[in-house]
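Structure first, commentary second.
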Amino acid sequence: MLISVWSNMHGQAGASATAAAVASSLALKTACKVLVAHNHIERSALEGYFFRHPADVEKTIQSLSNQGLDALIRLLMNGRLRPEMVGDYTYSLLKNHRLDVLAGTAKRERTAAKDPDVMLSIINCARGFYDLIILDVHSGTYENSSLRILENSDMIIFCINQNTFLLDDLAEIKNKYPFLKQKQAAHVISRYDNGGLVSRGNIARKYGIDKSSLFEFPNSTNFMDALNTGRVFEFIVLSQKTKDRADKALIGSLNRLCDFIVEGRDRVA
């Protein structure tokens, strides 16, 4: 199952953070093989969320220059890429491929990965090995592969916030690309303020979104610290029984989202 995590506006709704949290939670809650990746071409924030220190990120990505996306592109171009090979070119956080991170290209110039057919071919190949692929999709609709990936996804997690400008823009994009309305979908409201005028209920009513598909991710200082220090998975594990109010609300919403995803996977199957 391919689950795309996407926002219509860059840097506004925490798509990369959501992708990291969702992948970590699914790996913890299920026995599925989970791959988390992105189509940002260059290294995105996603990779830093799984490595403890910035220097480790650079070192790891450099060591993965013969792995990661670059290696998969070469194998694909040579006609040698097979589903069972994909996991060999990832960084595994858990045994048995229960949480694998696929690094982006180590090259600074744009590569063949900008070709949507190349990225989609790699993803489709990975689908033959992994149960769940969580893909942090480049925001907006102008990146070459983003629309194609969204169109080929089994589920889309729309990352939004309480900014009506972003919400109105998303509604326009959904009208422009009707397939976005036809997909199984969840909507994550990042940095959710329970006292805001643009509430979960108001968003559901105004934009015609099924309220059961709306999940609030409130501000959490501890979660932000985990993102900044590459400890997202550890945070998800250690916070399952937290008494911290913000963390408890975040984990509760995240767990409900994961249940929603698993139910959606069962429908796809």
Side-chain angles (χ1 to χ4, degrees), residues 1-6 15-39 46-47 49-52 60 64 67-69 72 81-103 120 122-137 149 152-157 159 183-188 212-213 215 217 223 226-227 230-242 247-269:
M1 182 179 187
L2 173 60
I3 303 161
S4 288
V5 183
W6 176 80
S16 296
T18 298
V22 167
S24 298
S25 186
L26 286 168
L28 179 65
K29 290 172 67 65
T30 73
C32 294
K33 294 178 182 176
V34 178
L35 176 69
V36 57
H38 65 84
N39 75 322
L46 182 71
E47 291 140 358
Y49 296 156
F50 289 104
F51 297 94
R52 191 170 295 274
T60 301
L64 289 174
Q67 294 181 283
L69 188 59
L72 295 182
L81 184 61
R82 301 290 181 270
E84 64 275 9
M85 298 168 62
V86 176
D88 296 333
Y89 296 89
T90 64
Y91 184 88
S92 295
L93 277 76
L94 293 175
K95 293 180 179 180
N96 301 320
H97 301 287
R98 285 184 48 233
L99 183 55
D100 287 356
V101 180
L102 176 63
L120 274 173
I122 291 172
I123 293 168
N124 286 332
C125 185
R127 291 173 80 160
F129 181 75
Y130 290 94
D131 302 303
L132 296 168
I133 299 175
I134 312 301
L135 192 66
D136 173 19
V137 179
I149 290 170
N152 283 273
S153 299
D154 298 301
M155 179 183 290
I156 301 174
I157 298 177
C159 294
K183 295 288 183 181
Q184 289 193 63
H187 298 76
V188 170
S212 67
S213 78
F215 302 87
F217 281 17
F223 180 55
L227 291 171
R231 297 181 299 104
V232 169
F233 181 72
E234 291 94 324
F235 170 83
I236 300 300
V237 172
L238 296 174
S239 298
Q240 291 300 313
K241 296 183 178 180
T242 183
D247 293 351
K248 186 174 182 178
L250 173 60
I251 293 297
S253 191
L254 179 61
N255 286 339
R256 289 191 296 275
L257 172 57
C258 289
D259 290 340
F260 183 88
I261 290 170
V262 171
E263 290 171 6
R265 177 174 177 262
D266 292 339
R267 289 194 293 271
V268 170

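Sequence positions, counted from 1, serve as the residue numbers for this chain.
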Distance check, rounded to the nearest 0.5 Å: [X] atom [atom1] versus [Y] atom [atom2]?
X    : Y    : atom1 : atom2 : result
F260 : I157 : CZ    : CD1   : 9.0 Å
S239 : E234 : OG    : CD    : 11.0 Å
L72  : C125 : CG    : SG    : 8.0 Å
L238 : T242 : CG    : OG1   : 9.5 Å
L99  : L94  : CG    : CG    : 5.0 Å
L102 : D136 : CG    : CG    : 12.0 Å

Side chain to side chain donor-acceptor pair (under 3.5 Å) against R98, all qualifying residues, sequence neighbours excluded: none

Chi angles and distances behind the ring-ring contact (aromatic ring centres under 6.0 Å, His included) call for Y91, F50: CA-CA 10 Å; Y91 184 88; F50 289 104; 9.3 Å; no

Results of salt bridge (Lys or Arg N to Asp or Glu O under 4.0 Å) for D247 - residues two or more places apart only: none

Contacts of type salt bridge (Lys or Arg N to Asp or Glu O under 4.0 Å), residue R127, not counting sequence neighbours: D154

Partner residues of A249 under the side chain to side chain contact (heavy atoms under 4.5 Å, CB included) criterion, sequence neighbours left out: P218

Sequence-distant partners of C32, side chain to side chain contact (heavy atoms under 4.5 Å, CB included), two or more places apart: T30, V34, D131, L132, R265

Validation row: [X], [Y] side chains within 4.5 angstrom (heavy atoms):
X    : Y    : result
W6   : I149 : no
Y49  : V36  : no
R231 : L227 : no

Shortest non-hydrogen separation from A126 to L35 and the atoms involved: CB-CD2, 4.0 Å

Distance-minimising heavy-atom pair for S153 and S4: OG-OG, 2.5 Å

Trace of the side-chain contact (heavy atoms from CB on, under 4.5 Å) decision for T90 with Y130: CA-CA 12 Å; T90 64; Y130 290 94; 3.9 Å; yes

Distance-only check: which donor-acceptor pairs under 3.5 Å involve side-chain atoms of residues 17-29, not counting sequence neighbours?
{"unit_1": "T18", "atom_1": "OG1", "unit_2": "G14", "atom_2": "O", "d": "2.9"}
{"unit_1": "S24", "atom_1": "OG", "unit_2": "A20", "atom_2": "O", "d": "2.8"}

Whether F223 and F235 hold their rings parallel, tilted or perpendicular, with breakpoints at 30° and 60°: tilted

From CA spacing to verdict: side-chain contact (heavy atoms from CB on, under 4.5 Å), Q240, I236: CA-CA 7 Å; Q240 291 300 313; I236 300 300; 3.7 Å; yes

